[in-house]
Every structure is written in C-alpha cells, then in structure tokens.
Amino acid sequence: MGISSRFSFVSEGSLLIEIGNILDYEVSDRVQSLSLALKKLDILDITVSYGSLLIDFDPLKYNLDEFLLDVKNIFDVVMSTFSKREEDTIIRDVFVKFGGQYGPDLKYVAGFHNISEEEVIREFTSKIYKVFMLGFTPGFAYMGILSDRIATPRLSTPRLSVEAGSVGIAGNQTGIYPTRSPGGWQIIGRTEQAMFSPENEDPFFLKPSDYARFIRVDS
Amino acid sequence: MTANIEVLNAGFHSIIQGNQRIGFKSFGVPESGPVDPFTSTLANLLLENKPFDPLLEITQGSLEFMSHGDTYIAISGADLNAVLCRGEDFKKISVGTSIELRDGDRVKFNGSNNGFRCWCAFSGGIKVPSVLSSTSTLETSNLGGIFGRRLLKGDVFEIINNTQPGNKILLPLLNLDNDRAVCLRVTRGSQYDEFSKDDIEVFFQNSYRVLSNSNRIGIRLSCSEKETRPIKGFNILSDPSPLGAVQITTDGSPIILLQDRGTVGGYPKIATVIKADLIKVAQLKPNQLITFKLISVEDAIKEYYNILSLLAKSIIEINTGFIKDYIELSKKYNLAHFSLCTENFNFLIKR
C-alpha cells in the first residue's frame with residue numbers, strides 16, 4: 001500500500017507526522033518504527049497514535065527548518081528500510097473473567113450480533129491483538145483489530161465509573177481500563193492483571209507494538 | 001531543622017506540582033506540572049529553590065495552612081489576598097517576596113476578583129517522591145504529589161527547609177491581568193485544514209465564555225452569545241493532543257487542553273494556544289470572555305523567547321544597585337503594578 005505523509009508544526013514546540021488516517025497493522029508498524037528511530041534526536045517526548053505521531057521538542061534548541069530536515073531524513077530511512085517486525089513480537093497473556101458482574105455489557109454485545117455470550121467469548125479469545133497505542137489515560141492500551149462478528153459501537157451514554165481492569169469493546173477496538181474511570185466502552189469482562197503500576201521499575205504491562213492474548217478464567 | 005505544613009482548609013483546589021513528567025507520552029502519561037510553567041517558577045526562585053521544585057498550585061483561594069516549625073515561603077502569580085496570622089496579628093503577604101514563617105503561624109488565601117491561580121513555594125521545596133521522574137500530581141491516575149490527589153483538610157506535608165533566601169524581590173514583568181475579554185494567540189492545530197473556511201472564520205470571530213467545570217484537564221468554553229452559531233466538531237481516528245490544543249467537540253463546545261489532558265483524543269483540534277499565553281490561560285476564571293487570534297509558528301517562538309527573557313529579568317536582588325535597577329526596569333517596562341512593588345519594597349525595608 002502507498003504510504004502518504006504530512007509534516008506540520010502544530011505548536012512552537014511540536015511537530016505532527018501523519019502517515020495514515022486508518023486503523024491498519026502496517027501503518028501502525030511504520031508509525032512505531034519511526035517513533036523508535038526518532039529517539040536519537042534531542043527531543044522531549046513522542047506521542048504515538050494509530051496513524052500519526054507527535055514530537056515535542058525544545059524550540060530554543062532547533063531552527064524549525066533544520067529540525068524538519070533532520071526528521072525527514074530519519075523518516076526517509078525508516079520508510080525505505082521498513083519491513084514488518086515479527087521476530088521480536090512480545091505476546092502478553094491477559095486472564096479475564098467474562099460476563100456477569102465483571103462484564104455487564106457482554107449480554108448487549110451478544111444481542112447486538114444475535115449470537116450467544118459464549119460465542120462472543122470464543123470469538124474474542126480466538127485472536128491475538130496488537131497494541132496500537134497507549135493513551136487517553138496512563139497505561140490504557142488501544143488494541144485490535146476485532147472481527148466484525150463482535151465489533152460493537154460504544155455506549156450511547158458513557159458510564160460515570162468503570163472498574164479498573166475492565167475489558168471493553170468500542171467498534172473494532174478493544175482496551176483495558178488501567179484505573180477506575182468514566183468510560184463509554186462496552187465492558188465484557190475484567191482482569192486482575194495490573195496494567196499500570198507506577199511504583200514498578202517497568203510500570204506498563206502492555207507497550208506499543210506488543211500483542212495481547214486474552215485467556216478465559218472461570219468467574 | 002524540619003518543618004511540616006498542616007492543611008487546615010484545602011480551599012477550592014490546591015495541589016502539589018513540580019517538574020513536568022516528560023518521556024511517557026507514548027504510554028498515555030501527560031506532562032502535568034503547573035498550568036503556567038513560567039510564573040510558577042518565580043516563587044521557587046525567590047527562595048533560591050530550583051525552578052521546578054514541588055510547590056502548591058492554588059486555584060481560587062480559601063486554602064489555609066499552619067506551619068509546624070520555622071520556614072520560608074514565597075508566592076507568585078495572582079494576588080489571592082494571602083494573610084499571615086501570628087497569634088492575634090494579621091499581615092497581608094505580598095506576591096513576590098520571601099516571608100518567614102514561624103512555628104504555629106497560619107497562612108490563609110482569601111481569594112480575589114482579580115486573578116485565579118497562584119503558586120506558593122516553600123524553602124527547599126515540598127518533600128515528595130518522584131513518580132515516573134516527576135513530583136507533579138496527576139489526579140486522574142492518582143500519581144505524584146501526596147496520595148496522587150489534591151490537598152484535603154488534615155493533610156500534612158514535609159518541607160525540605162534547607163534554603164536561606166536572600167533579599168530578592170519580584171518585578172511584575174509578566175502581565176497576569178486578564179482584561180474583560182482575553183485574547184489568546186494560537187497557531188494552526190492538527191486538523192485546522194479539515195474545517196471549512198467558513199467554520200474557521202466563525203471560530204475566530206466568536207467570543208467564548210469560560211465554563212465553571214474547567215480544570216487542569218481542560219478549559220471548557222461555550223459561545224458567549226446565544227445567537228452565535230457554534231462550529232461543530234466531528235469524530236476523527238484518535239490522534240495526539242498537544243498541550244494547549246483547542247479541540248472542538250461534536251456538540252460544538254471548544255476545550256483548551258491543559259497539562260493533565262488525555263494524550264490522544266478523537267475530536268478535531270482546530271488550533272493550539274501558544275506557550276507564552278499559558279500565563280493568561282492559568283488566570284482564566286469561570287464566565288470570563290475570550291477570543292482567539294491566529295499567529296504564525298515563528299511568531300509564537302518569538303513570544304516564547306520574549307517570555308523567557310522577561311522571566312530572567314523578573315527577580316532582582318536588593319543590594320546597593322537595587323534602587324537604580326528598579327527604577328530603570330520600571331520605566332523600561334512601564335510597570336502597571338508599581339504600587340504593588342512599592343509595597344513589597346517598603347515591606348523589605350522594614351524587615
């Protein structure tokens with residue numbers, strides 16, 4: 001597929017690079033490879049999303065034109081040498097209790113597709129899911145891509161409070177709430193695995209470009 | 001010698017903020033830190049602290065605390081009418097000087113109509129551990145500060161208490177006065193080009209009102225007049241949200257995203273407030289009117305430079321050259337707050 005690109009300074013200290021406006025494995029792999037390569041620049045931070053990334057830099061350290069040139073050079077190298085990185089894929093197991101008090105929306109998801117709750121669980125746990133990005137709140141992993149057989153729109157009105165560890169569906173994405181927070185995703189289950197442990201040396205259970213495998217445990 | 005601060009009344013919103021949490025945005029962690037990263041540092045610098053040592057960010061006022069042990073404090077930002085209570089004595093605490101607190105002294109921020117936020121630094125900084133390389137509190141994830149939340153009545157925190165401030169005074173070179181209608185300068189946002197020309201025109205013509213449910217995540221706005229047409233946002237595939245981004249929700253309400261925002265979001269971002277104008281943003285009160293003005297990224301960088309250079313000149317040492325420096329700088333910058341400074345000056349002379 002063709003890779004488009006757009007570079008824009010969206011503030012005096014941030015450069016947005018858009019690679020693709022789509023939820024797609026290859027676009028995401030390219031964004032993540034680029035994000036790793038850009039770390040060799042003297043920059044402050046990088047925010048990674050599905051199809052774009054944002055570089056925060058110190059405007060006192062760079063001239064805008066020179067900075068853009070540096071970034072474009074790295075971009076060209078990454079895009080021309082890009083190959084799908086499968087050999088170093090990390091797959092994390094997430095143990096989930098589905099339905100009932102743990103997954104209050106499992107029934108709705110099943111009803112929405114006119115299948116049984118059991119089939120939703122079987123379908124959901126039959127694939128591994130790529131972590132496309134972490135965002136919205138610390139440690140919240142946006143994963144996919146869910147099969148159309150279980151993809152379900154968000155709740156029309158978000159819940160004021162969703163328990164930590166809740167596993168949700170929104171369209172063909174799935175995600176795990178790291179902390180109790182408001183949320184509009186369809187909650188089908190819950191895990192006891194901590195997603196975000198700030199006191200740990202390695203605080204994040206899932207990282208961009210990891211994969212997650214959901215494993216059913218008895219509720 | 002140790003000193004502890006006991007919170008007697010937490011007020012509207014008082015929270016510990018320190019350095020920005022840099023390097024974790026790809027894990028969903030925003031930078032946090034003071035809403036105004038310029039003015040806040042001045043409170044620390046008055047006490048010989050490092051610019052981003054942990055201090056209190058006080059919004060609106062009503063905070064009251066008591067010192068257990070002797071220490072020093074300094075306030076920068078809006079004048080929220082802080083008062084020092086020592087036994088039966090009351091004394092106003094001026095913004096921009098260091099003040100000695102003795103064991104048992106109480107400090108109360110009464111609030112004011114003229115500003116919304118101030119920063120109160122303590123000698124050596126507040127003693128809090130660093131979490132993900134920052135001391136700043138992020139309430140939405142219970143990170144940093146004490147217990148990862150705003151201060152509550154009864155909280156006690158420790159002061160490092162290892163600096164002996166010299167005679168330093170703050171010149172109000174950074175203008176915190178928000179006029180009736182505040183003009184925020186912006187650069188083009190991430191989805192600027194996806195809005196119609198007409199919508200962009202309307203966005204910059206409209207004036208907006210600050211809503212009371214604004215917080216450190218974002219300043220929520222509504223159109224100031226009922227008859228004006230709000231521009232409607234749309235859903236996008238979630239993408240990164242820069243600090244200061246102005247996002248337009250699908251119901252048409254703009255939100256200026258601040259230090260505790262979600263790092264990615266699914267609403268289009270029409271503009272980004274320039275860094276220099278975070279000084280004005282930090283003082284926005286509910287109901288205040290604001291407008292937006294588009295400038296170039298190059299001009300935004302110039303304004304950033306300008307603020308940093310004013311910041312560097314803002315603190316002067318009171319020594320033999322003081323009067324000369326003071327008069328020169330006052331003339332050069334046509335200081336609107338001259339009376340406030342005279343008050344500071346008199347206070348220091350008496351000390």
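Order of the sequence lines fixes the chain letters, A, B, ..., with proteins taken first and strands second; residue numbering starts at 1 for each chain.
- Atom NZ of B/Lys127 has 12 or fewer neighbouring heavy atoms from other residues, nucleotides or ligands inside a 6.0 Å radius.
- Ring orientation note: the planes of A/Phe204 and B/Phe24 are tilted relative to one another, at an angle of 30° to 60°.
- Proximity to chain B is limited to the side chain of A/Leu64, based on heavy atoms less than 4.5 angstrom apart.
- For chain B, the nearby part of A/Pro203 is the side chain; its heavy atoms alone come within less than 4.5 Å.
- Interface remark: A/Leu53 contributes backbone atoms only to the contact with chain B (heavy atom separation under 4.5 Å).
- Residues A/Leu60 and B/Leu308 are in side-chain contact: their nearest non-hydrogen atoms beyond the backbone lie under 4.5 Å apart.
- In terms of non-hydrogen atom pairs under 4.5 Å with chain A, the most contact-rich of B/Val186, B/Val273, B/Thr187, B/Thr263 is B/Thr263.
- Here the side chain of B/Thr272 pairs a donor or acceptor atom with the backbone of A/Val10 at under 3.5 angstrom.
- In this structure, chain B has no heavy atom under 4.5 Å from any part of A/Ser8.
- The candidate from B/Val131, B/Asp299, B/Leu132 with the greatest count of non-hydrogen atom pairs under 4.5 Å with chain A is B/Leu132.
- Between the A/Glu12 side chain and the B/Lys275 main chain, a donor and an acceptor come within less than 3.5 Å of each other.
- With a threshold of 4.5 angstrom between heavy atoms, B/Ser238 approaches chain A through its backbone and through its side chain.
- Nearest heavy-atom pair across B/Val264 and A/Phe136 is CG2-N, 3.5 Å.
- Proximity to chain A involves both the backbone and the side chain of B/Phe27, based on heavy atoms less than 4.5 angstrom apart.
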### Message
Working note: A/Arg6 + B/Asp193, criterion side chain to side chain contact (heavy atoms under 4.5 Å, CB included); need CA distance, chi angles, decisive distance, verdict.
### Response
CA-CA 12 Å; A/Arg6 207 171 90 114; B/Asp193 293 337; 3.1 Å; yes

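- The CG atom of B/Asp239 sits 8.0 Å away from atom CG of A/Asn21, with the distance rounded to the nearest 0.5 Å.
- Closest heavy-atom contact between B/Val29 and A/Pro138: CG2-CB, 3.7 Å.
- The shortest side-chain heavy-atom distance between A/Leu54 and B/Pro242 falls under the 4.5 Å cut-off.
- Residues A/Ser52 and B/Pro240 have side chains in contact (heavy-atom distance under 4.5 Å, counting atoms from C-beta outward).
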